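Below is one structure, written out as structure tokens; comments come after it.
What you see is a predicted model, and the numbers here were worked out from it, not measured in a lab. Indexing begins at 1, ligand by ligand and atom by atom, following the structure's order. When reading the values below, keep in mind they use all heavy atoms of this one structure, side chains included, and skip hydrogens, waters and symmetry mates.
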Amino acid sequence: MSADYHFYEPATGHGLPHDPLNAIVGPRPIGWISTVSTGGVRNLAPYSFFNLFNYRPPILGFASIGWKDSVANIADTGEFVWNLATRRQAEAMNASAAMVSPEVDEFALAGLAALPSRLVRPDRVAESPAQFECRLTQLIRLETKDAEPIDSWLVLGEAIGIHIDSAMLEDGAYQTGRAGPILRGGGPADYFEIGQAALFRMERPR
Ligand SMILES: Cc1cc2nc3c(=O)[nH]c(=O)nc-3n(C[C@H](O)[C@H](O)[C@H](O)COP(=O)(O)O)c2cc1C
């Protein structure tokens with residue numbers, strides 16, 4: 001039996017009442033990125049075009065649609081921190097997405113406490129159960145299939161220092177579900193929270 005597919009070419013529109021793109025590629029982990037400007041102003045913002053791309057060394061990245069303050073700070077300083085966003089920080093994470101001037105400290109705006117990092121200048125979100133201190137490795141401007149540069153920027157960084165709230169460890173194993181990470185779905189407001197009930201196990205083929 002063949003499925004009935006809705007097919008579309010993104011260049012000419014999806015033909016649906018709501019853009020399905022980020023609802024299909026979802027839920028996506030959130031890159032809650034803290035940076036600091038050369039003038040010392042703290043910045044914090046969520047990016048769901050985010051993921052981990054390599055184990056050793058750990059390399060993670062996010063895409064900024066437009067040259068936003070986070071990218072500008074990282075281009076200037078070469079440093080950022082990734083903070084894990086969990087259900088407890090969901091509202092603060094959302095508040096930190098406000099489009100405000102670069103002079104506004106989004107830690108203060110979102111009512112979040114900051115902790116100093118050990119190896120980089122940007123602070124960490126104190127309430128977050130895991131934070132990665134990162135150095136910029138590549139800043140890549142995205143292009144279309146016709147090699148036309150677009151105003152979207154992929155930031156890749158190496159995690160050089162990793163902080164884990166020890167309450168998330170059970171016999172030394174990090175408990176993803178215990179932290180309760182939140183992930184971004186589609187539409188203007190959909191999120192998922194990952195708990196222990198979402199876990200299933202499957203070994204890779206040998
Ligand atoms: C959950 C969530 C995910 C987001 N993901 C992205 C993203 O992947 N790329 C992007 O450019 N903006 C994204 N945004 C919007 C930015 O957070 C927003 O534009 C913010 O003001 C950027 O801050 P900055 O200028 O301080 O870097 C997202 C917002 C939310 C709430």
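- Among protein heavy atoms, atom 20 (C) of ligand 1 sits closest to A97 O, 3.4 Å.
- Contacts with ligand 1 closer than 4.0 Å are made by backbone heavy atoms (N, CA, C, O) of A98 only, the side chain lying farther away.
- Of the polar atoms of A63, at least one N or O is found under 3.5 Å from an N or O of ligand 1, judged by distance alone.
- Polar contact with ligand 1: absent for S96 (N/O pair, distance under 3.5 Å).
- In terms of N/O distances under 3.5 Å, ligand 1 is approached by P46.
- Here the protein heavy atom with the shortest distance to atom 1 (C) of ligand 1 is Y191 OH, 3.1 Å.
- In terms of polar-atom proximity, defined here as any N/O pair under 3.5 Å, Y47 does make such a contact with ligand 1.
- Protein heavy atom in closest approach to atom 27 (O) of ligand 1: S70 OG, 2.5 Å.
- In this structure A113 satisfies the side chain to side chain contact (heavy atoms under 4.5 Å, CB included) test together with A126, E127, sequence neighbours excluded.
- Contacts between N43 and ligand 1 below 4.0 angstrom, taking non-hydrogen atoms only, involve the side chain exclusively.
- Regarding atom 23 (O) of ligand 1, its nearest protein heavy-atom neighbour is A45 CB, 3.2 Å.
- Not one N or O of V71 is nearer than 3.5 Å to an N or O of ligand 1, by distance alone.
- Of the protein's non-hydrogen atoms, the one nearest atom 3 (C) of ligand 1 is S48 N, 3.6 Å.
- A distance below 6.0 Å separates the ring centres of F50 and W82.
- In this structure, atom 19 (O) of ligand 1 lies nearest to the protein heavy atom K68 NZ, 2.9 Å.
- Applying the salt bridge (Lys or Arg N to Asp or Glu O under 4.0 Å) definition to pairs two or more places apart or across chains, those involving residues 75-93 are E79-R135, R87-E91.
- The distance criterion of under 3.5 Å between nitrogen or oxygen atoms is met by F49 with respect to ligand 1.
- Ligand 1 lies nowhere less than 4.0 angstrom from a heavy atom belonging to F62.
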